[in-house]
2 protein chains.
Amino acid sequence: MKKVEEKLEQKEIRPTAMRMLVLETLRNQKAAISLQDLEIEFEKADRITLYRTLKTFQEKGLIHSIADGTGITKYALCEEGCKCAPEDMHVHFFCNRCEDTFCLPKFKIPKVSLPKGFVTLETNLLVKGTCANCTH
Amino acid sequence: MKKVEEKLEQKEIRPTAMRMLVLETLRNQKAAISLQDLEIEFEKADRITLYRTLKTFQEKGLIHSIADGTGITKYALCEEGCKCAPEDMHVHFFCNRCEDTFCLPKFKIPKVSLPKGFVTLETNLLVKGTCANCTH
DNA sequence: ATTAAAAATGCAACTTCATTGCACGTTTTA
DNA sequence: TAAAACGTGCAATGAAGTTGCATTTTTAAT
Ligand SMILES: [Mn+2]
Ligand SMILES: [Mn+2]
Ligand SMILES: [Zn+2]
Ligand SMILES: [Zn+2]
């Protein structure tokens with residue numbers, strides 16, 4: 001695993017203290033995280049700085065956002081080599097029980113057939129249900 | 001086409017004047033509509049009443065909501081016989097050009113394979129691109 | 001090293017969309 | 001025809017995201 005500092009520089013993001021902490025958090029997280037999650041994790045940090053940290057990360061292609069239907073945007077690290085292009089997109093899963101949102105990068109989105117004249121540029125697939133941790 | 005009044009009663013919604021007008025609008029619309037759209041269409045009507053009209057329609061299974069990534073919830077009539085169950089769900093399409101959101105009820109969502117332990121209860125598929133009206 | 005420019009941060013204010021409370025009017029039912 | 005249930009309208013509130021600007025920190029130039 002590359003050091004957080006190197007990872008940031010690779011994406012042309014200056015490695016400030018805050019950014020390194022946030023990236024570290026994103027790495028340790030199994031589920032996607034929200035701005036709120038970061039606010040809780042970094043109580044002393046400013047909400048807006050966290051907000052802009054996520055925004056920068058996204059603009060630089062380090063993370064991607066996920067709309068899981070809760071109305072709260074979640075974020076997760078992009079896979080190594082991800083360009084956030086259509087072919088990089090994968091299934092997202094929202095667990096109704098633990099309310100965690102997961103990237104399933106191994107599960108690509110199938111090609112969707114559309115009516116004549118419709119051109120696909122991007123596809124988002126969100127599955128809701130019960131996650132592996134919550135089924136027993 | 002069933003009269004709007006009958007349609008409402010069939011879904012156990014009392015056919016008030018406002019509700020009949022809104023249903024009529026929903027029927028005439030090719031694209032999904034937002035609360036804002038209704039506000040513009042019915043300038044004299046109260047915003048909250050329109051809001052609650054949509055809410056009631058949805059709760060009674062007359063319409064379904066669509067999250068198209070714009071942050072503005074869109075609504076569209078359910079198909080005849082729709083129970084809003086997983087098997088009723090279809091593809092939604094957002095056109096980046098005209099910014100209209102369409103139901104594609106003829107295009108069902110393919111079964112998605114998931115990791116072991118994940119149970120699917122609901123699937124949402126949103127395709128973004130250019131719609132038939134905007135490709136020429 | 002010193003200074004100027006650029007970038008990041010922190011605080012406050014604001015926007016947008018959604019939602020709730022409550023009084024009042026209308027419809028339904030007993 | 002009275003009581004209850006329901007619908008409507010106006011105001012207020014909530015939640016999430018976004019912007020402006022002053023201050024601090026970092027970087028680059030002299
Ligand atoms: Mn993802
Ligand atoms: Mn639809
Ligand atoms: Zn779960
Ligand atoms: Zn279009």
Side-chain angles (χ1 to χ4, degrees), chain A residues 4-26 32-60 62-76 94 99 101, chain B residues 4-26 32-60 62-76 94 99 101:
Chain A
V4 290
E5 192 166 341
E6 290 170 24
K7 184 73 188 170
L8 287 171
E9 281 166 348
Q10 174 194 323
K11 294 284 184 176
E12 301 186 304
I13 302 165
R14 296 197 188 176
T16 66
M18 183 85 271
R19 286 168 177 176
M20 288 194 285
L21 287 170
V22 172
L23 176 51
E24 193 63 44
T25 298
L26 282 159
I33 68 171
S34 65
L35 174 57
Q36 292 176 42
D37 293 332
L38 285 182
E39 287 178 53
I40 291 165
E41 172 119 5
F42 302 106
E43 263 193 73
K44 291 178 293 187
D46 182 65
R47 194 175 68 88
I48 312 301
T49 302
L50 292 169
Y51 166 75
R52 284 195 264 236
T53 297
L54 289 173
K55 200 175 179 191
T56 301
F57 282 9
Q58 183 168 20
E59 284 166 1
K60 297 293 186 176
L62 178 60
I63 63 177
H64 61 278
S65 64
I66 308 163
D68 62 8
T70 62
I72 300 168
T73 306
K74 307 288 170 63
Y75 300 88
F94 176 76
E99 299 189 321
T101 301
Chain B
V4 289
E5 192 165 341
E6 290 170 24
K7 184 72 187 171
L8 288 171
E9 280 167 348
Q10 174 195 322
K11 294 284 184 176
E12 299 187 306
I13 303 165
R14 292 197 191 166
T16 67
M18 182 86 272
R19 286 168 175 175
M20 288 195 284
L21 287 169
V22 171
L23 176 51
E24 192 63 44
T25 297
L26 283 159
I33 68 172
S34 66
L35 175 56
Q36 293 176 40
D37 294 332
L38 284 182
E39 287 178 52
I40 291 166
E41 170 120 5
F42 301 105
E43 264 192 73
K44 290 177 294 187
D46 182 65
R47 195 174 68 85
I48 312 302
T49 302
L50 292 169
Y51 166 75
R52 283 195 264 235
T53 298
L54 288 173
K55 201 174 180 192
T56 301
F57 281 10
Q58 182 168 19
E59 283 166 1
K60 296 293 186 175
L62 179 60
I63 64 179
H64 60 279
S65 64
I66 308 163
D68 60 10
T70 63
I72 301 168
T73 307
K74 307 289 170 62
Y75 301 87
F94 176 75
E99 300 190 319
T101 301

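Heavy atoms only: backbone and side chains are in, while hydrogens, waters and symmetry mates are out.
- A:Met18 places its CE atom 15 Å from the P atom of D:dT25, with the value rounded to the nearest Å.
- Of the inter-residue distances, the one linking B:Thr53 atom OG1 with B:Phe42 atom CZ reads 9.5 Å to the nearest 0.5 angstrom.
- At the phosphate of D:dG7, neither OP1 nor OP2 sits under 4.0 Å from any side-chain N or O atom of B:Thr16.
- Atom-to-atom, CG of A:Leu8 to C1' of C:dA7 comes out at 15 Å; the value is rounded to the nearest Å.
- Residues A:Gln58 and A:Leu54 fail the side-chain proximity criterion, which asks for heavy atoms closer than 4.5 Å.
- Atom CD of A:Glu6 has more than 12 heavy atoms from other residues, nucleotides or ligands within 6.0 Å.
- Straight-line distance from the NZ atom of A:Lys44 to the C1' atom of C:dC11: 19 Å, rounded to whole Å.
- Looking only at side-chain heavy atoms (C-beta outward), A:Phe57 and A:Lys11 stay at 4.5 Å or farther from each other.
- Atom P of nucleotide D:dT8 and atom CG of B:Leu21 are separated by 11 Å, given to the nearest angstrom.
- Taking the side chain as every heavy atom from C-beta outward, A:Leu38 and A:Tyr75 never approach each other to under 4.5 Å.
- Between the P atom of D:dG9 and the CD atom of B:Glu39 lies a distance of 13 Å, rounded to the nearest Å.
- Taking side-chain N and O atoms only, B:Thr53 has no distance below 4.0 Å to OP1 or OP2 of D:dG7.
- If you measure from atom CG of B:Leu50 to atom P of D:dC10, you get 12 Å, rounded to the nearest angstrom.
- At whole-Å resolution of the value, CG in A:Leu54 and P in C:dT9 are 12 Å apart.
- Counting heavy atoms from C-beta outward, A:Met18 and A:Leu50 have side chains that approach closer than 4.5 Å.
- Taking atom CD of residue A:Glu12 and atom C1' of nucleotide C:dA6, one finds them 16 Å apart after rounding to whole Å.
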task = Summarise how protein sits on nucleotides 17-30 of chain C as a single string, 5' to 3': B when a protein heavy atom is under 4.0 Å from the base, S for sugar-phosphate-only contact, - for no contact.
result = SBBBB------S--

